[in-house]
Amino acid sequence: MGKVTYVAVDGTRHTIELADGENVMRGALYNEIDGIIGECGGGLACATCHCYVDETWADRLGQPATREESELLEAASAPRRPTSRLSCQIVMAPEFDGLVVHLPETQY
Amino acid sequence: MAIDVLNPTPPDFKRVAGMDQVPPHVPAELVHSAGITFGPEFLAAPHAYMAAMHEKFPPLYYDVSPFGNAWLAIKHEDALKVLRNAEVFSNEGATPFPRDPDDYFYFIPQEIDPPQHRKYRNIVDPMFSPQGVLKLEATMRELANELIDEIITKGECEFTTAFGRPFPVTIFLRLMGLPVEMTDTFVDWAVSLLHSNDRAIMAETMTKISAYLKSAIEEKKRQPDEGVVSRIVHAQIDGRPMHDKEIFGFVIFLFIGGLDTVFATLNNIWLWLANNPDRRREMIADPGNINAQVEELLRVHSVTFSGRTIVKDHEMRGVQLKAGDKITCILPACNFDPDVFPNPTVVDFHRPKQIILAFTVGVHSCMGAHLARLETKVAIQEWLKRIPDFAIKPGAEIVYRPGGVVGPHHLPLVW
């Protein structure tokens, strides 16, 4: 279990508890946090759970985990930035407690 | 119009079908009849026909059919726009299955708009997530091998009944907690509902399915188990138990969705595998690329369509769409859009990752997509391990089923 904070475009922060092994996309959906759609359900098949990992976490989680994730990020609607990730590919683990992600302006 | 999920009422949209019912706002040059799902040209080779739609028809046009007139979207970009904009393109009244107006129900979550929609999906998503379906993988592999055991020494089979049907349907019924021995009955119902193209047969079948599922739901109320039906029966929404109509609408929707689609997909893919021995060998030689292989095969063998009702006047590609019009995204055609998939009819296992429309997009994106992907992958892997070389039985004629799920009727194979 660890805390994840989602920062909306207007600066609003939502912090939730996420079980180890659950991903950051699902954390948003379960807690009805706007700004993450996750339409494919976490199968690396869309780009609607796009987020920007906070600079303080960039060295640990700021890079796509796979070639597929990187390719799909090109299909994201909001601009891709150096710390762009698909939040379904960020899985909670003890060392990620306190993670902060920023939500893009749009997922479509 | 927002729907009241606890008081289901039939929508008042008028059914519009045939050339004499083309609305006046539709320009004459945009009226065509593609005969999708029933015309002889379509049925001769449905996927080739849908790929060629990009050359034959305008990108967005008004299709006239005896089964219902609708705008057809064939561009990938347009399908994304339609399927992601529920304010203009509503799911209400967009599901073609006849329901008793005096005992009306909504298909859940298909006909429910956000934000209520997410609450229903949260009940079942953990079981259908990529991680959730992985729990089924070992039993899937066992089942695939049991089915292959029965046919391998015979040197031939009718694929659709020997494997295409029992493999996904058994997995699905086990997952739902419904009796596997009723597979044939369930599949017959699904076929009548999805392929009869006859509203009287569809209505009669809906009555049979409804009676059966209502009794199954009552049983799960008394005897809970780990299956999806039981979980839905005992789930809470907004802190209250679900009403009978919600439970029924949820269960029947999954039931219809789960019986026919992977079946048709496997039949399509095995037809392609049988006809393409070199590509089969390429797949076998590159086992690490199986996920991309599955995704590409799903792209070119997509089996279904996604319809919406337009609820606000809207302009797309300079075309005026009016409230009350229907629009259908021809998903298999969108998957052959040359602007997104260069050389679209070429099966290329090394394409850059793109959004494919096999499972639609938007909040109503198919909840069974990961189950379908895993089933397809396991089936291909286990089959090719044991029957790497096979062909269509000489003299066999491949005939496609008409109706809303595209696939061959029979597929006799030899090895």
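By convention in this document, chain letters (A, B, ...) are assigned in the order of the sequence lines, proteins followed by strands, and residues within each chain are numbered from 1.
Of all the listed residues (A:Glu39, A:Arg26, A:Glu32, A:Glu74), the one sharing the greatest number of non-hydrogen pairs under 4.5 Å with chain B is A:Glu39. Contact count against chain B (heavy-atom pairs under 4.5 Å) is highest for A:Ala45 among A:Gly21, A:Ala75, A:Ala45.
The only member of B:Arg308, B:Glu111, B:His117 that meets side chain to side chain donor-acceptor pair (under 3.5 Å) when paired with B:Asn91 is B:Arg308.
Heavy-atom distances place the side chain of B:Lys119, and not its backbone, under 4.5 Å from chain A. With a threshold of 4.5 angstrom between heavy atoms, A:Glu22 does not approach chain B through any atom at all. Residue B:Pro115: no heavy atom, backbone or side chain, is found under 4.5 Å from chain A. Of the atoms belonging to B:Arg84, heavy atoms from both backbone and side chain fall under 4.5 Å from chain A.
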Check the pair A:Ser87, A:His50 against side-chain hydrogen bond (donor to acceptor under 3.5 Å, both in side chains), reporting the backbone distance first and the verdict last. CA-CA 6 Å; A:Ser87 56; A:His50 180 201; over 6 Å; no
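Salt-bridge check for B:Glu77 with B:Arg317: passed, with a basic side-chain N closer than 4.0 Å to an acidic carboxylate O. Between B:Glu295 and B:Arg373 there is a salt bridge, since a side-chain N of the basic residue sits under 4.0 Å from a carboxylate O of the acidic one.
Taking the six-membered ring wherever Trp is involved, the centroid distance between the rings of B:Phe89 and B:His314 falls below 6.0 Å.
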